[in-house]
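Each ligand, and each atom within it, is numbered from 1 in the order the structure gives. Position 1 is the first residue of the sequence, and the numbers go up from there.
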Amino acid sequence: MIYSGKAVSVTLHDGGIAELKFDLQGESVNKFNQETVVDLGKAVDAIKGNSDVKGVVVTSGKSVFIVGADITEFTDMFKLPEDEIAGWCLKSNQVFCAFEDLPVPTVCAINGIALGGGLEMALTCDFRVMADTAQVGLPEVKLGLFPGFGGTVRMPRLIGVDNAVEWIAAGGQHKADKALKDGVVDAVVAGDKLFDAAVSLIKQCLEGKIDHMKKRSEKLEPLKLPPLENMMAFQTSGAFVAQQAGKNYPAPVAAVNVMQQHGGMKRDQALEAEAKGFAKVAKTPQATALVGLFLADQAVKKANGGHMKKGAKDLNQAAVLGAGIMGGGIAYQSASKGTPIIMKDIADAALDLGMGEASKLLAKQVQRKRIDPAKMGKTLSMIRPTLNYGDFANVDVVVEAVVENEKIKQSVLAETEGTLKDGAVLASNTSTISITRLATALKKPENFAGMHFFNPVHMMPLVEVIRGEKTSDETVATLVAYATKMGKNPIVVNDCPGFLVNRVLFPYFGGFGMLMRDGADFLAVDKVMEKFGWPMGPAYLMDVVGIDTGVHAAKVMADGFPDRMKHDFKDVSEVLFENKRYGQKTKAGFYQYVLDKKGKQVKTADATTWELIKPHVAETREFDADEIIARLMIPLCTETVRCLEDNIVGSAAEADMAMIYGIGFPPFRGGPIRHIESIGIKEFVALCDKYAHLGKLYEAPQLLKDMAASGKSFFA
Ligand SMILES: NC(=O)c1ccc[n+]([C@@H]2O[C@H](COP(=O)([O-])OP(=O)(O)OC[C@H]3O[C@@H](n4cnc5c(N)ncnc54)[C@H](O)[C@@H]3O)[C@@H](O)[C@H]2O)c1
């Protein structure tokens, strides 16, 4: 052993082949934390000091190669001033360059996932050999960043500008065949042949059959294309990237710009330009939000792991009550992810519809070559439609998705409970009815909870698992496990009107209603909010949700929180409801809808809407974008804080993720709590005060006022 550190070791094998192995102690994966970079530097020094080393093979002691930088270190690091962040990049790059400049040939053996810093390490080697099952990529743009360990410098010099722009600006994770085709790796072999293949390459270099120094020099010199062609290549791809990413995601364009900027430079100077550019993107609010989002996602997974440890039961057979929009979707999702499901309804026609919908979704997957016809057949056979409770004694978990009526639900739940084995878990997909109240109809309320899916089930990533007063930890554990098995992101919340997501969404709609009352144009409001980052503005969203559903839920919310959610004017959604304009489902709501050639609903403005709402709103006037945003976002954000105050949700991370997964909150803003923090808690409280004359919906919650006074943060 030439060197042994906490993350890196170097062993000398026969023939002077040194194996530099990444194997971070105490962790299941390798990542480039600061400690690993320092360790790598020491390993390089040890190699340099040993004249027996004739070549180096870089390997991993884990099933992955290196998953990337340690993102948990980013939050503190990115608080530093720009020049210090750039300095950190350059210091790390000195280590990578010292490795790259070793006087012997180097080959990286990529055995598993190599992302971000992991692939950048591989790029410092003269050659890369990759296992056929491994995957590589530079996903930094997904965090609002771009590669900062030399990736923007080495990639274009190795694989050309067009390819490098695609790999870096799109941030994809690629399989071996693509990596080989684009020249990111030099050979692909079976995993068990990887080390030998790398050694063989070194030997060929030593025998003079391959000129590794020539290959290496490509990375040290400026880009080969003449300046004009370079400029053209960057400008064309830059324009395309800008259009794809949109102005809310600046990192991909910044990556292209920095590559263009340092294209004419030698390596060390180019790395300086990369470091400066990296420090700039690291300080953008988008990077703060997207890094925060990554960490929040980890926090949610950790919280869910904690829930599941509390006694999740085996899930071999599920059942769903109701074969409607939601029941059919739940059956499809459960079966496609491997849990057989009985789908019970009271009407044959409904069962046919539910099965038909599942077939349609599966056929689309076959058409897109995501699954083969055999898998489609197998999945369909895992959904068993029925009109009776025949096999319910074998069921481990039941999700009730019948009509939204408390009495009917209570009677269906009680009836179902009587057919189940001991310990089976029962859940309701209700959107508005109290879980604690539904539980009063049951003999074993501890085995019951809410399991709130979103429409359409196969597309929407969130499932709220709602704990009623008597719900047991085992029940929560089992439903979290079931949602996870279905490929969803469960978030556990406590029972209250609207649970978490609707409780936060309806104040936003409330703000919209008041804005309309005061003379806003909903077309303008939708436009502003879409520009802000929402996938659809509030009027369009109401049309998609269903004006009837919205009006009903708004009433439940007003009863639950009358001080801020009850209104004393006629809301425009109520006007549309009375005129049976329920949104997309009736082809008219705020907008009118027609089907295009592909059968997609296309919206157009509708003069009738104006005629209907005119008697109930002030004369139309223009509101500036800032006012529209504030009047909609304040109620949504403050209600999220109230949910934390009331312990409806366990953490700011879970609250933010729920809004992103559940209602498409703009991810680059990181969620409602992150949005408050990006404005500044004190400044946000001041903004609430500015609009306080509009009523309780705009009052800053006590928790925010306290935090503004003490200077505390939700994400400390
Ligand atoms: N549609 C949505 O966007 C959405 C979103 C989240 C939650 N939910 C909730 O999901 C539930 C179902 O909503 P949906 O939109 O699928 O309704 P739906 O009307 O499309 O389907 C309800 C189905 O339940 C069946 N049914 C009625 N009584 C039954 C019984 N006793 N046993 C078995 N089946 C019975 C009906 O025949 C019908 O097929 C509701 O509680 C709703 O609030 C709906």
Q | Cation-aromatic face contact Lys603/Tyr540, 6.0 Å, 45 degrees | A | yes
Q: Around atom 42 (C) of ligand 1, find the nearest protein heavy atom and jot down its residue, atom name and distance.
A: Glu404 OE1, 3.6 Å
Q: Do me a favour and list the nearest non-hydrogen protein atom to atom 28 (N) of ligand 1 with residue, atom name and distance?
A: Ile346 CD1, 3.5 Å
Q | Pair Phe509 + Phe512: ring centers closer than 6.0 Å | A | no
Q.
Quick test of your reading of the structure: of Val402, Ile408, Asp345, whose heavy atom lies closest to atom 25 (C) of ligand 1?
A. Asp345
Q.
Cation-pi check for Phe448 against Lys470: NZ or CZ below 6.0 Å from the six-membered ring centre and within 45 degrees of the axis, yes or no?
A. no
Q: Run the numbers for me: atoms of ligand 1, each under 4.0 Å from some heavy atom of Asn455, listed by number.
A: 1 (N), 2 (C), 3 (O)
Q.
Can you report which non-hydrogen protein atom sits closest to atom 9 (C) of ligand 1, along with the distance?
A. Asn429 O, 3.3 Å
**Q.** atom 19 (O) of ligand 1 - nearest protein heavy atom and its distance
**A.** Val403 CG1, 4.3 Å
Q: Enumerate the atoms of ligand 1 whose separation from the nearest heavy atom of His452 is less than 4.0 angstrom.
A: 6 (C), 7 (C)
Q: Answer yes or no for Arg631 and Tyr691: cation-pi contact, defined as NZ/CZ to six-membered ring centre under 6.0 Å and angle to ring axis within 45°.
A: no
Q | Heteroatom proximity flag, Phe453 to ligand 1, N/O under 3.5 Å | A | no
Q) Which residue holds the protein heavy atom closest to atom 20 (O) of ligand 1, what is that atom called, and what is the gap in Å? A) Ile325 N, 3.1 Å
Q | Those atoms of ligand 1 less than 4.0 Å from some heavy atom in Gly324 | A | 16 (O), 20 (O), 21 (O), 23 (C), 39 (O)
Q: Specify whether the nearest protein heavy atom to atom 17 (O) of ligand 1 is under 4.0 angstrom away.
A: no
Q.
Can you name the atoms of ligand 1, numbered from 1 with element, that are less than 4.0 Å from a heavy atom of Lys409?
A. 40 (C), 41 (O)
(Q) Please compare Gly546, Ser431, Gly327, Ala401 and report which has the shortest non-hydrogen distance to atom 22 (C) of ligand 1. (A) Ala401
Q: Pull out every atom of ligand 1 sitting under 4.0 Å from any heavy atom of Ala350, numbered as shown with elements.
A: 39 (O)
Q. Taking Thr638 for the side chain and Pro701 for the main chain, is one N or O donor matched with an acceptor at less than 3.5 Å?
A. no
Q.
I want to know if ligand 1 touches Thr430 in the polar sense, i.e. an N/O pair below 3.5 angstrom.
A. no
Q. Do Arg503 and Glu639 sit within salt-bridge range, that is, some charged N less than 4.0 Å from a carboxylate O?
A. yes
Q | Heavy-atom check, side chain of Gln410 versus side chain of Thr440, under 4.5 Å | A | yes
Q) Knowing that exactly one of Ile330, Ile383, Leu321 qualifies, which makes a side chain to side chain contact (heavy atoms under 4.5 Å, CB included) with Met343? A) Ile383
Q. Quick one: nearest non-hydrogen protein atom to atom 13 (O) of ligand 1, plus distance?
A. Met326 CG, 3.8 Å
Q: Show your reasoning for whether side chain to side chain contact (heavy atoms under 4.5 Å, CB included) applies to Phe623 and Asp518.
A: CA-CA 10 Å; Phe623 288 80; Asp518 297 343; 4.0 Å; yes
Q. Do side-chain atoms of Lys313 reach the backbone of Gly423 as a donor and acceptor pair under 3.5 angstrom?
A. yes
(Q) Check this for me: does any side-chain nitrogen of one of Arg581 and Asp543 sit under 4.0 Å from a carboxylate oxygen of the other? (A) no
Q | Protein residue, atom and distance nearest to atom 31 (N) of ligand 1, heavy-atom basis | A | Val412 CG2, 3.2 Å
